[in-house]
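The chains referred to below are lettered A, B, ... by the order of the sequence lines, with proteins before strands, and numbering in each begins at 1.
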Number of protein chains: 2
Amino acid sequence: MNNQHTMNSAVNGIKMVNQSADREEAAATKTVRRTRTGRRPGDSRTREDIAVAARELFAERGYAGTTIRAIAARARVDGALIHHFYTDKAGVFAAAVSDIVPLSNGVAEVVAEAGDELPAELLRLYLDLWESDAGDAVKAIYRSSLADPTASGLLRDTSSDKLNATLAQAIDDPEADLRAAIVGAMLFGLAASRHMLGLRPLANAKLDAVIDIMAPALAAVINPEQTADEPAKK
Amino acid sequence: MNNQHTMNSAVNGIKMVNQSADREEAAATKTVRRTRTGRRPGDSRTREDIAVAARELFAERGYAGTTIRAIAARARVDGALIHHFYTDKAGVFAAAVSDIVPLSNGVAEVVAEAGDELPAELLRLYLDLWESDAGDAVKAIYRSSLADPTASGLLRDTSSDKLNATLAQAIDDPEADLRAAIVGAMLFGLAASRHMLGLRPLANAKLDAVIDIMAPALAAVINPEQTADEPAKK
DNA sequence: GATCTAAGTCATCAAAAGATGAGTTCTCCT
DNA sequence: AGGAGAACTCATCTTTTGATGACTTAGATC
């Protein structure tokens, strides 16, 4: 009886975001009693555990949506330890994201070697990246950049700018830069729809099927030839 | 001397996100003294003001990054009023986002009418949407869907599914659904890079230049013909 | 094996954010 | 005119969250 406005139909779920996985703190008290205070025996992998947990959470929920406590819970660690290692929330983010193998290396190689197959090879390289171990870091960067404009700087440093510059060399056109940027946008849209938004026909399609369809589209941007009009012959 | 870990170089800025525009509360006390308590004289547009402010902020900062207090400040309103009207933060989000004219209508029209010009018309329709008044709402949806997975449902309802279904009708191919999804992904990638990530050659390029380059790419996906290999004749 | 340092937890703080109830001022309806 | 109810603000509560300092335990080094 207390709902004056019934418009919040499809979005109610959004308020439950935080309760979803936050019950991981439960499983702490199992059989082993409890991690007591002081340094743990054996050699410690905690620091990396934190980075991994942070990377996953930033990838799932973005920067603002990720709390230090949630990271601590997932890494099975006290929150203070995170500050001990990484100082700041920003520090954790940097750590979670900094160890990405720069995409640009691979791109340079592909641009140099793959001739006619450049579009397909580029697609494979890019999509593989999103599905690799580095995928979480990539998602984390994009998710956070999309949510927090200030993080876009990192994005540019990490992938976009270098990728574009490298790619532009392979394009023979006065508008090479713009074309390279559009190629990047197409790749990003594809990966984001598939791996972040999870839009359906795309999210569960086979990689090769996607590449087969998409490669000619990339080729049309990379090789400006009969650009004037579309073939238009059904 | 207190920085044990120097890795947080490029990301420091991220911690300043919240201080950016939050100084809007200052301009409250100007010449008119102060909005005193009780209902304001004249007819009230406050409710819509709140929706507009919320839409803008959700578009800028995503769901988690937007606070009710920030909305209240921008709408020049007490925070409690927002609860009075919309109950919840989720309610505000629903309101801010619900009044979008569904994109699918326009798409159906374009698909039906534009023949050979379908790719270009589709691009224009879609990019115009992002630059129109509804652009903030679109950005808000995407930004929040990217950050909070639970909001993706709304995304599907609002644009993606219908757009794809409509578009798939125009594609004559066994993989029409997948192709339609890829077209959607390309459009999204373009708009997101341009309007959300602000990647540079794209963000300030002229609309027509972008359309000229991108249209043949869309055509390659929509019209499956010499799909087998790329032209490959440099 | 004493001691130095790093790893780890605990208790706690302060600020920010979502939420609420009560009170105030206006509009509208009869 | 005189309510009734809607539009508004104030003061305040409770959680959540980022952060800190003190304390405890283990590994390493001489």
Side-chain angles (χ1 to χ4, degrees), chain A residues 2 4-5 8 14-19 22 25 28-29 32-51 54 57-58 61-73 75-93, chain B residues 2 4-5 8 12 14-19 22-23 25 28-29 32-51 54 57 61-93:
Chain A
N2 48 359
Q4 320 160 273
H5 310 286
N8 35 355
I14 205 175
K15 77 175 62 162
M16 312 200 57
V17 171
N18 291 331
Q19 277 115 22
D22 279 356
E25 325 178 31
T29 335
V32 204
R33 179 92 187 301
R34 180 72 182 182
T35 32
R36 62 160 193 241
T37 186
R39 182 172 187 157
R40 299 173 185 176
D43 48 340
S44 157
R45 204 190 310 277
T46 322
R47 188 179 178 125
E48 301 113 59
D49 287 350
I50 293 176
L57 286 169
F58 284 130
R61 311 186 188 174
Y63 185 80
T66 299
T67 83
I68 290 209
R69 286 169 149 87
I71 298 174
R76 304 244 192 264
V77 150
D78 186 280
L81 190 60
I82 296 184
H83 285 100
H84 172 59
F85 279 136
Y86 300 110
T87 311
D88 247 348
K89 187 181 178 184
V92 192
F93 183 75
Chain B
N2 49 0
Q4 321 159 272
H5 313 283
N8 36 354
N12 273 344
I14 206 176
K15 76 174 62 161
M16 313 200 55
V17 171
N18 291 331
Q19 277 115 20
D22 279 356
R23 210 174 286 98
E25 327 179 27
T29 334
V32 205
R33 181 87 187 304
R34 179 71 181 184
T35 32
R36 63 161 192 237
T37 186
R39 182 174 190 154
R40 299 173 186 177
D43 49 340
S44 156
R45 203 189 312 276
T46 322
R47 188 180 179 125
E48 301 113 59
D49 286 351
I50 293 176
L57 286 169
R61 310 185 189 176
Y63 185 79
T66 299
T67 82
I68 290 209
R69 287 169 148 87
I71 299 174
R74 180 169 296 194
R76 304 244 193 263
V77 151
D78 187 278
L81 189 61
I82 296 184
H83 285 101
H84 172 61
F85 279 136
Y86 300 109
T87 310
D88 249 344
K89 188 181 177 183
V92 192
F93 181 75

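Note: A:Y63 and A:F58 have parallel aromatic rings, judged against thresholds of 30 and 60 degrees for the angle between ring planes.
Taking CD1 of B:I82 as the start and CZ of B:R47 as the end, the distance is 12.0 Å to the nearest 0.5 Å. To the nearest 0.5 Å, atom CD1 of residue B:I68 and atom OH of residue B:Y86 are 12.0 Å apart.
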Report, one pair per line, the protein and nucleotides 1-3 of chain D atoms (nitrogen or oxygen only) whose separation is under 3.5 Å.
none

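Remark: B:L81 engages B:T46, B:I50, B:V77, B:H84, B:F85 in a side chain to side chain contact (heavy atoms under 4.5 Å, CB included) (not counting sequence neighbours).
Here the C1' atom of nucleotide C:dA17 and the CZ atom of B:R69 are 5 Å apart, to the nearest Å. Rounded to whole angstrom, the span from the CD1 atom of B:I50 across to the C1' atom of D:dC8 amounts to 10 Å. Whole-Å rounding puts the A:R61 CZ to D:dT16 P distance at 14 Å. Whole-Å rounding puts the B:D88 CG to C:dA17 P distance at 17 Å. The distance between atom CZ of A:R47 and atom C1' of C:dG8, rounded to the nearest whole Å, is 14 Å. One can place CZ of B:R45 at 19 Å from P of C:dC26, the figure rounded to the nearest angstrom. Rounding to whole angstrom units, CD1 of residue A:I68 and P of D:dG18 are separated by 5 Å. A straight line from CZ of B:R74 to P of C:dA17 spans 15 Å, rounded to a whole angstrom.
Minimum interatomic distance between B:D78 and B:A72 (heavy atoms only, all atoms of both residues): C-CB, 4.1 Å. Residues A:R40 and A:R76 approach most closely at NH2-O, 2.7 Å, considering heavy atoms.
The side chain of A:S44 contributes an N or O atom lying less than 4.0 Å from OP1 or OP2 of C:dG8.
Between A:R61 and A:T67, the closest side-chain pair of non-hydrogen atoms is not below 4.5 Å.
When distances run from any side-chain atom of B:K89 to the nucleotides C:dG18, C:dG8, D:dA7, the shortest one goes to C:dG18.
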Nucleotide-resolved protein contact map, nucleotides 20-30 of chain D, B/S/- at heavy-atom distance under 4.0 Å | BB--BBBS---
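When heavy atoms are screened at a 4.0 angstrom cut-off, B:L81 is found touching base atoms of the nucleic acid.
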